[in-house]
Structure formats: C-alpha cells, structure tokens
Undergrad: 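Below are the structure tokens for one structure; questions will follow.
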Amino acid sequence: MSKVQIDIVSDVMCPWCIVGYKGLESALAQLAPGIEATINWLPFELNPQMPSAGQDMQEHLVEKYGISELQSVQNREMISQRGKDVGFDFNFAPNMRMINSFDLHRLLAWANEQGKQHALQMALFSAHFTDNVSLSDDATLIKIVDSVGLDVTAAKGILDSDDYVAQVRAEQKLSMDRGISSVPTFIINNQYSIAGGQTADTFKQVLTEISQEIQDK
C-alpha cells in the first residue's frame with residue numbers, strides 16, 4: 001500500500017473545488033486499497049475584498065469575468081452537468097450570493113483540530129451549492145457546525161473573536177509562496193500538484209504514477 005498526503009487548496013465559493021474533489025474521491029475509491037490518502041483542506045479566498053453582505057452571484061460573475069448574463073447561465077448549466085457526472089447536486093438559484101469566505105476558513109481550521117474538517121468542508125459545499133443557504137449568516141453556520149457534531153459554543157466563540165485569523169493568513173501565504181493562484185489545487189506529498197476540476201481518470205493516472213515512484217524508492 002502507498003500512503004499519500006493530499007492538501008487541497010480550496011474555497012467553498014468555488015464550484016470546481018467540489019467537482020474536483022469528487023473526481024479525486026472516485027479515483028481513490030477505484031484505487032483502494034492500493035493507495036491510502038490523508039486529505040487536508042487549505043484556505044483560499046476567491047474574493048478577499050468582498051463585503052460581508054456579499055454580492056448577487058450572477059452580477060458578480062458578469063463583473064469579474066466580463067461575460068454576458070447568457071454566458072453566465074450557460075457556465076452554470078455546464079457546471080451542473082459536471083456535478084451530476086460526479087454525484088454532486090448543484091442548485092443554482094436566482095438569489096444565490098457570492099460571499100467572502102474568511103470566517104469559513106477559520107471554522108475549518110478549528111474543525112481540523114477536532115478531526116472534523118473534511119465533514120465540515122463537505123457540509124459547507126452542500127449548504128451553499130445544493131441547499132442555497134447564506135453562509136454569511138452566523139446562525140446558519142452554527143447549524144451546519146452542529147450538524148457535523150462540532151461544539152456550537154466553541155464555534156460561536158470563534159466567530160465572535162479573532163481566533164484562527166493568524167493561522168489562516170499563514171496558510172494562505174504558504175499557498176501564495178508555492179505559486180498557487182487558482183483553485184482547486186491538489187498538492188500530493190508536498191511534491192506534485194494537480195490544478196482544476198479534473199476527472200477521476202486524470203487523478204487515477206497521476207496517483208498511480210506517484211504510487212509507483214514511492215514503491216520504487
């Protein structure tokens with residue numbers, strides 16, 4: 001068996017991050033038990049200057065990428081199909097909002113210490129893209145925290161303080177120092193990287209090659 005560490009640089013606001021992860025998840029399931037992976041999520045902010053109230057999703061995409069509203073709709077239809085292909089339901093609603101994700105990353109850093117980071121990451125993706133709930137609302141975040149078995153009082157304390165700010169900033173800087181400027185980026189054993197919402201077949205090929213290198217050493 002080959003054991004690999006996979007760090008995923010990601011933002012909950014990024015649909016390709018969950019599409020890419022689901023491709024990785026499928027690849028790992030197909031390669032088991034020959035390859036065993038430890039998953040760690042690292043923070044990235046797509047919109048660090050976004051106000052706390054966020055912005056209408058379609059308005060944001062049109063402004064940021066210089067595309068038309070029709071192109072924006074077509075892009076979301078394409079992403080929805082990719083989601084279906086990997087077993088994730090996107091439900092892009094007219095009132096969806098893009099928000100700043102920094103508080104989400106603080107909660108994820110804390111959840112990692114509790115052994116619940118991955119569960120919280122998945123719950124946040126589903127809440128945002130499938131259930132269309134506002135992740136800028138602290139009460140909603142507390143409900144999500146509770147749903148994965150994390151301590152509600154501790155989570156409230158984090159949201160009401162500057163806890164984990166320094167850690168998240170340091171982890172973001174590490175990714176920047178590595179030259180990472182887009183998400184998702186999958187870093188394997190601190191040596192190899194795969195960028196974008198790749199398919200299971202792509203992940204299988206790369207992981208198989210890395211596993212062979214490990215065994216040859």
Side-chain angles (χ1 to χ4, degrees), residues 5-26 28-29 37-48 50-57 60 79-80 83-84 86-172 175 183-184 186:
Q5 168 74 33
I6 304 178
D7 295 310
I8 307 174
V9 185
S10 165
D11 190 336
V12 174
M13 295 294 104
C14 167
W16 291 111
C17 288
I18 182 59
V19 168
Y21 170 72
K22 297 298 282 186
L24 171 65
E25 180 182 58
S26 176
L28 289 171
T38 299
I39 305 293
N40 178 51
W41 295 84
L42 293 174
F44 188 96
E45 290 174 86
L46 285 172
N47 301 285
M50 181 72 70
S52 58
Q55 182 182 17
D56 175 82
M57 178 76 75
H60 170 76
I79 291 170
S80 293
K84 289 179 182 178
V86 296
F88 184 85
D89 292 327
F90 286 100
N91 182 21
F92 291 108
N95 63 342
M96 282 187 74
R97 299 187 72 76
M98 175 70 74
I99 68 165
N100 178 282
S101 56
F102 191 75
D103 280 345
L104 310 184
H105 292 307
R106 293 199 296 133
L107 288 174
L108 287 162
W110 162 67
N112 196 29
E113 297 176 353
Q114 317 304 314
K116 294 277 189 177
Q117 185 196 48
H118 184 72
L120 181 59
Q121 183 83 49
M122 293 298 103
L124 290 170
F125 276 132
S126 293
H128 180 59
F129 287 115
T130 304
D131 302 330
N132 291 311
V133 300
S134 174
L135 298 184
S136 62
D137 177 63
D138 283 1
T140 298
L141 290 178
I142 294 302
K143 289 180 182 178
I144 297 170
V145 161
D146 189 37
S147 75
V148 298
L150 284 162
D151 185 86
V152 168
T153 302
K156 288 179 180 177
I158 291 166
L159 292 172
D160 291 337
S161 71
D162 291 331
D163 290 353
Y164 296 93
V165 167
Q167 178 178 329
V168 171
R169 292 297 185 210
E171 290 175 347
Q172 288 176 321
S175 292
V183 289
F186 302 82

Undergrad: Under a 4.5 Å cut-off applied to non-hydrogen side-chain atoms, are F92 and N132 in contact?
TA: no
Undergrad: Does any N or O in the side chain of D151 come within less than 3.5 Å of the main-chain N or O of A154, such that one atom is a donor and the other an acceptor?
TA: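 Looks like yes, one N/O pair under 3.5 Å.
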Undergrad: Testing the basics here: between D56 and P94, what is the closest heavy-atom pair and its distance to 0.1 Å?
TA: OD1-O, 3.6 Å
Undergrad: To the closest 0.5 Å, what do you measure between CG (L124) and CG (D131)?
TA: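 Answer for the CG-CG pair, L124 versus D131, is 11.0 Å.
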Undergrad: Between I99 and M50, what is the shortest heavy-atom contact and its length?
TA: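 Taking I99 first and M50 second, the nearest heavy atoms are C-CG, 3.9 Å.
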Undergrad: Hydrogens and angles aside, do T130 and N91 bring a side-chain donor and acceptor to less than 3.5 Å of each other?
TA: no
Undergrad: Take I144 and L135, measure what side chain to side chain contact (heavy atoms under 4.5 Å, CB included) needs, and give me the verdict at the end.
TA: CA-CA 9 Å; I144 297 170; L135 298 184; 3.6 Å; yes
Undergrad: Would you say the side-chain atoms of N100 and E45 include a donor-acceptor pair closer than 3.5 Å?
TA: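 The criterion, which ignores hydrogens and geometry beyond distance, is satisfied for E45 and N100.
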Undergrad: Closest approach of N112 and N40, non-hydrogen atoms and distance?
TA: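 Taking every non-hydrogen atom into account, ND2-OD1, 3.5 Å.
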Undergrad: May I ask you to check whether over 12 heavy atoms, not counting those of D162, lie within 6.0 Å of atom CG?
TA: no
Undergrad: Do the rings of F129 and F88 sit parallel, tilted or perpendicular, given the 30° and 60° boundaries?
TA: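 Perpendicular.
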Undergrad: Please find the pair of heavy atoms, one from H128 and one from V12, that lie closest to each other, and give the distance.
TA: CD2-O, 4.0 Å
Undergrad: To the nearest 0.5 Å, what is the distance between CG (L108) and CD (Q167)?
TA: 11.0 Å
Undergrad: Are the side chain of H105 and the backbone N or O of F44 linked by a donor-acceptor pair below 3.5 Å?
TA: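 Pair found, side chain donor or acceptor close to backbone of F44.
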Undergrad: Would H118 and Y21 count as a close aromatic pair, with their ring centres under 6.0 Å?
TA: yes
Undergrad: Which pairs pass salt bridge (charged side-chain N to carboxylate O under 4.0 Å, His left out) with one or both residues in residues 97-113, sequence neighbours excluded?
TA: D103-R106
Undergrad: Got a donor-acceptor contact below 3.5 angstrom from the Q117 side chain to the W41 backbone?
TA: yes
Undergrad: Sub-3.5 Å donor-acceptor pair from the side chain of S26 to the main-chain atoms of K22, do we have one?
TA: no
Undergrad: For the CG atom of L159 and the CG atom of L104, what is their distance to the nearest 0.5 Å?
TA: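 Taking CG in L159 and CG in L104, the distance rounds to 9.0 Å.
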Undergrad: Evaluate the side chain to side chain contact (heavy atoms under 4.5 Å, CB included) criterion for residues Y164 and L107: first the C-alpha distance (whole Å), next the side-chain angles of each, then the deciding distance (0.1 Å), finally the verdict.
TA: CA-CA 8 Å; Y164 296 93; L107 288 174; over 6 Å; no
Undergrad: To the nearest 0.5 Å, what is the distance between CH2 on W16 and CD1 on I79?
TA: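 That separation rounds to 5.0 Å.
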Undergrad: SG/C17 to CD1/I8 distance, rounded to the nearest 0.5 angstrom?
TA: 8.5 Å
Undergrad: Provide the closest heavy-atom pair for L46 versus D11 in the form atom of the first, atom of the second, distance.
TA: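 For L46 versus D11, the nearest heavy atoms are N-OD2, 2.7 Å.
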Undergrad: Nearest 0.5 Å please: distance from the CG atom of D7 over to the CZ atom of F186.
TA: 11.5 Å
Undergrad: What's the shortest heavy-atom distance between S10 and Q121, and which atoms?
TA: OG-NE2, 3.9 Å
Undergrad: Can the positive tip of R169 be found less than 6.0 Å from the middle of the six-membered ring of F102, inside 45° of the ring normal?
TA: yes
Undergrad: Go through the side-chain N and O atoms of H60 and N47 and say whether any donor and acceptor fall under 3.5 Å apart.
TA: yes
